[in-house]
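The structure under discussion appears below in the form of structure tokens.
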Amino acid sequence: MTLSLYNTLTRQKEPFAPLQPGRVTMYVCGPTVYSFPHIGNARPAVVFDVLARLLRTRYQLTYARNITDIDDKINRAAAEEGVPIGEIAARYAKAYHADMRALGVLPPDIEPRATEHLASIIRMISGLIDSGHAYTAEGHVLFRVASYADYGALSRRDQRELLAGARVEVAPYKEGAGDFVLWKPSTPDLPGWDSPWGRGRPGWHIECSAMVAEHLGPTIDIHGGGNDLIFPHHENEIAQSSCSNGGALFARYWLHNGFVNVDHTKMSKSLGNVLLVRNLLEQAPGEAIRLALLAAHYRQPLDWTSEVLPEAQRKLDRLYGALRDVEGWQALEAGPDAAFIAALDDDLNTPQALAVLFNLARDANRSTDPAERAALAARLRASAVLLGLLGADPDAWFMTEVSDGLTAEQIETMLAARRAARTDRDFRLADQIRDELVEAGILIEDSAEGTRWRRSAG
RNA sequence: GGCUAGGUGGCAGAAUGGUUAUGCAGCGGCCUGCAAAGCCGCGUAUGCCGGUUCGAUUCCGACCCUAGCCUCCA
């Protein structure tokens, strides 16, 4: 029962062991709060939430996920609306929290913001200048990539090739083409903070380095984020942090989630295919969105199509259906299934873990022994909760009213009429009522105990 | 051009040197007044070409194709 994780640094699965026995530090790159979160923002939040839940069963975890609230995209949004950047950041941070909560993402232990860490950022930059890893030029402070021999180790890029292959116009004040900004000057119309190098603002990469150092120390166990961040963001973080800490290893395990594509193409503003979480929440419960994100392995790309959400909802119908049909599991103390844990331990193989859940559901449905059924259902529930699923009451899951549909009261009235018709053996009328309900998105199920209803899955 | 992932049944998506999950969809059956749910059963897949091997979807090599990164991006 050992957790193994695929480490981008070594490109292999490695057994996980924390630096300090019993304690784990994890940092995940959070959102830049300049607009509403989209489904691609949600994937790392959900994936690392699952990892956090798993780690907490064994270790004392300190999980930090930052909010980037200093950024030129925020500046642009603020300028467009004519409001302070704080207003933009506050608005979208709030939206992020609301959306993530809807997806069942638990809050991290620490949620540092760049605006609250200017002192740390400035201190780190000063240190890098003092140690020769950074230099000032025309009001900027730049990191001297040539001063860090291991630059490129994470992204497997050769420094010389990077320089030779630079396709972007290189600013004339840079010593090396690959040098990146730690601090840049702000014009009077832009947000800025006073520093030894004049009024300006930090580069994106240094924000994360400073916040990691302040909250988690020089070496952390796990650093996560989207795989697009490998270069340059994480490569730069490593350079800054390692050089600030006398060459100490910055992060021991680097984890990167794959992208979410939409209808086989990349999601981008220019294509107009950005799927916002808040819009998806109008189509399906957050739990279905969460399951859809966990249905593929976190390192694989995930293609989001119109089929994904209804299918996820039907999967949850099946799992909740097993819980609903079994009695007495609520009172049982149960732990997660061993095969389920083994799947998660294998580099967070959530598709495999979900398969175990479906097996448990089938076994519970199949069994005729009430005690065994209850035990299986309890184990199903205890397992699923680690994924942040099946936390709701099964009846609540099935009988959530559709916002524009019939009320529960109206449905009950129709069911009563149908019951009367059936008693009279007037099946034509009974079936007619049932058809009306189906058209309203309500499915009914007759059993020896009576008739129950559920809304259909989109 | 460099780097990194992939190409598995109708769809989604795991795994594996020999028996190939799971879910959705489909088909047959049980149950039901009929359905639904559930259960039982069935069907169809490992891009292409070589190599290693008793045996490869799995390992190795070439090729084709797809996606991502190399520039802000989860």
Side-chain angles (χ1 to χ4, degrees), chain A residues 8 11 28-32 34 37-48 68 71-73 76 152 155-158 160-162 164-169 178 204 224-233 235 256-261 264-269 274 291-292 294-297 299-303 305 307-308 310-319 321-322 324-325 339 343 346 349-359 361-368 398 422 425-428 430-431 434-435 437-438 442-448 451-454 456-457:
Chain A
T8 306
R11 315 277 157 145
V28 173
C29 288
T32 300
Y34 67 101
H38 54 66
I39 188 65
N41 295 306
R43 172 120 95 146
V46 168
V47 163
F48 292 104
T68 298
D71 185 274
D72 285 352
K73 290 189 289 295
R76 200 179 314 132
S155 55
R156 302 274 164 111
R157 274 160 225 268
D158 184 44
R160 286 164 303 180
E161 280 177 14
L162 275 177
R167 301 196 311 194
V168 183
E169 202 176 324
W204 174 39
N227 74 176
D228 59 313
L229 298 182
I230 294 172
F231 188 89
H233 186 54
E235 196 71 72
H256 293 97
N257 64 272
F259 254 48
V260 179
N261 295 321
H264 316 293
T265 53
K266 186 177 170 171
M267 192 166 44
S268 73
K269 278 196 171 171
V274 175
L291 186 145
L294 296 175
H297 186 86
R299 283 192 280 118
Q300 300 301 342
L302 176 63
D303 194 35
T305 67
E307 289 302 304
V308 165
E311 187 172 333
Q313 198 159 338
R314 283 193 288 266
K315 287 178 179 178
L316 284 168
D317 281 350
R318 177 159 178 79
L319 295 174
R324 184 178 57 163
D325 287 343
D346 182 15
N349 192 337
T350 54
Q352 185 74 54
L354 287 167
V356 175
L357 259 32
F358 287 109
N359 286 151
R362 190 198 53 230
D363 291 346
N365 283 329
R366 178 164 44 190
S367 174
T368 52
F398 285 111
R422 292 182 76 207
R425 301 197 63 80
D426 182 354
F427 294 122
R428 244 189 61 154
D431 291 352
R434 181 171 63 197
D435 290 344
L437 284 164
V438 167
I442 303 299
L443 305 179
I444 62 180
E445 299 168 7
D446 297 323
S447 72
T451 299
R452 65 189 178 192
W453 63 271
R454 46 180 277 218
S456 65

Map Asn349(A) and Asp363(A) onto RNA chain B by nearest heavy atom, then report which one ends up closer to the 5' terminus.
-> Asn349(A)

Base, sugar-phosphate alone, or nothing: which one does Arg299(A) contact when heavy atoms must sit under 4.0 Å apart?
-> nothing

Indicate, with a heavy-atom threshold strictly under 4.0 Å, whether Asp431(A) touches base, sugar-phosphate, or nothing.
-> base

Nearest nucleotide by nearest heavy atom, which residue falls closer to the 5' end of RNA chain B, Gly258(A) or Arg425(A)?
-> Arg425(A)

From C39(B), A74(B), A15(B), nucleotide with atom closest to Asn41(A) side chain = A74(B)

What about Arg434(A): does its side chain form a donor-acceptor pair under 3.5 Å with the base of C34(B)?
-> yes

Rounding to the closest angstrom, what is the interatomic distance between G13(B) and G7(B) at atom C1'?
-> 13 Å

Mind checking Thr265(A) for me? I need base, sugar-phosphate or nothing, with any heavy atom below 4.0 Å counting as a touch.
-> nothing

Taking atom P of C70(B) as reference, at what distance in whole Å does atom CZ of Arg156(A) sit?
-> 18 Å

Nucleotide of G38(B), G33(B), A21(B) approaching Gln352(A) most closely (side-chain heavy atoms) | A21(B)

Distance between the C1' atoms of A37(B) and G47(B), in whole angstroms?
-> 40 Å

Taken to the nearest whole Å, CZ/Phe48(A) to P/A74(B) is 14 Å

Does U71(B) have a Watson-Crick or wobble partner in any strand here, with both distances under 3.5 angstrom, and which is it?
-> none

When we call it a touch if two heavy atoms are under 4.0 Å apart, what does Gly226(A) touch: a base, just sugar-phosphate, or nothing?
-> sugar-phosphate

Is there a Watson-Crick or G-U wobble partner for C39(B) with both distances under 3.5 Å, and which nucleotide is it?
-> G29(B)

Does Lys315(A) place a side-chain N or O at less than 4.0 Å from the phosphate oxygens OP1/OP2 of A12(B)?
-> no

For residues Phe231(A) and Ser155(A), report the shortest heavy-atom separation together with the two atoms involved.
-> CD1-OG, 3.4 Å

Separation of G13(B) C1' from Asp346(A) CG (nearest whole Å) = 15 Å

If pairing requires Watson-Crick or G-U wobble contacts with both distances under 3.5 Å, which nucleotide is the partner of C11(B)?
-> G23(B)

Give a yes/no on whether any side-chain N or O of Arg318(A) is located under 4.0 angstrom from OP1 or OP2 of C39(B).
-> yes

Distance, nearest 0.5 Å, that separates CD1 of Ile230(A) from OG1 of Thr8(A) | 5.0 Å

Selection from C34(B), A74(B), C40(B) that lies nearest to any side-chain heavy atom of Phe259(A) = A74(B)

Counting Watson-Crick and G-U wobble pairs only, both distances under 3.5 Å, name the nucleotide matched with C54(B), or none.
-> G18(B)

Between Thr451(A) and Ile444(A) the two heavy atoms that sit nearest each other are CG2-CB, 4.2 Å

When the distance from CG of Asp317(A) to P of A37(B) is rounded to whole Å, what number comes out?
-> 10 Å

At what distance, to the nearest 0.5 angstrom, does CG of Leu302(A) lie from CG of Asn261(A)?
-> 8.0 Å

Name the pairing partner of U44(B), where a pair is Watson-Crick or G-U wobble with both distances under 3.5 Å, or state none.
-> none

Please tell me which of the listed nucleotides, A35(B), C69(B), G6(B), lies nearest to the side chain of Asp446(A)?
-> A35(B)

Between A14(B), A37(B), C69(B), which nucleotide has the shortest distance from any of its atoms to the side chain of Asp228(A)?
-> C69(B)

If you check the Arg11(A) side chain, which of A36(B), C39(B), A5(B) turns out closest?
-> A5(B)

In whole angstroms, how far is the P atom of G68(B) from the CG atom of Asn257(A)?
-> 15 Å

Can you tell me, in whole Å, how much space there is between the C1' of A62(B) and that of U52(B)?
-> 15 Å

Pick the P atom in G41(B) and in U16(B), then give their distance to the nearest Å.
-> 26 Å

Name the nucleic acid region contacted by His38(A), choosing base, sugar-phosphate or nothing; use a 4.0 angstrom heavy-atom cut-off, strictly under.
-> base

Closest approach of Ala353(A) and Ala343(A), non-hydrogen atoms and distance?
-> N-CB, 3.6 Å

Between G13(B), A74(B), G68(B), which nucleotide gets closest to the side-chain atoms of Asn227(A)?
-> G68(B)

Taking atom C1' in both A21(B) and A12(B), compute the distance separating them and give it to the nearest angstrom.
-> 13 Å

Please report, rounded to the nearest Å, how far the C1' atom of C31(B) is from the CG atom of Asp325(A).
-> 14 Å

Which nucleotide in A14(B), C69(B), A74(B) has an atom nearest any side-chain atom of His297(A) | A14(B)

Once you round it to whole Å, what is the distance between C1' of A15(B) and CG of Asn359(A)?
-> 13 Å

Arg425(A), CZ atom: more than 12 neighbouring heavy atoms under 6.0 Å | no

Rounded distance (Å) that lies between atom P of A37(B) and atom CD1 of Ile442(A) | 15 Å

Please evaluate the base of G33(B) for a donor-acceptor partner in the side chain of Arg422(A) within a cut-off of under 3.5 Å?
-> yes

With a non-hydrogen cut-off below 4.0 angstrom, is Glu307(A) in contact with a base, only sugar-phosphate, or nothing?
-> nothing

Working for salt bridge (Lys or Arg N to Asp or Glu O under 4.0 Å), residues Arg314(A) and Asp317(A) = CA-CA 5 Å; Arg314(A) 283 193 288 266; Asp317(A) 281 350; over 6 Å; no

Give a yes/no on whether any side-chain N or O of Arg366(A) is located under 4.0 angstrom from OP1 or OP2 of C40(B).
-> yes

Under 3.5 Å donor-acceptor pair, Arg43(A) side-chain atoms to A74(B) base atoms | no

C63(B) versus G50(B) - spacing of their C1' atoms, nearest Å | 10 Å

What is the nucleic acid contact for Phe427(A), judged by heavy atoms within less than 4.0 Å: base, sugar-phosphate only, or nothing?
-> base

Assign Ile444(A) to base, sugar-phosphate, or nothing according to its heavy-atom contacts below 4.0 angstrom with the strands shown.
-> base

So does Asn261(A) get a side-chain nitrogen or oxygen closer than 4.0 Å to the phosphate oxygens (OP1/OP2) of G68(B)?
-> no

Considering only heavy side-chain atoms of Arg314(A), the closest of A74(B), C24(B), G33(B) is C24(B)

In whole angstrom, give me the gap between the C1' atoms of G9(B) and C3(B).
-> 33 Å

What nucleic acid atoms does Val356(A) come within less than 4.0 Å of, heavy atoms only: base, sugar-phosphate, or nothing?
-> nothing

For atom P, what is the distance between C31(B) and A45(B), given to the nearest Å?
-> 33 Å

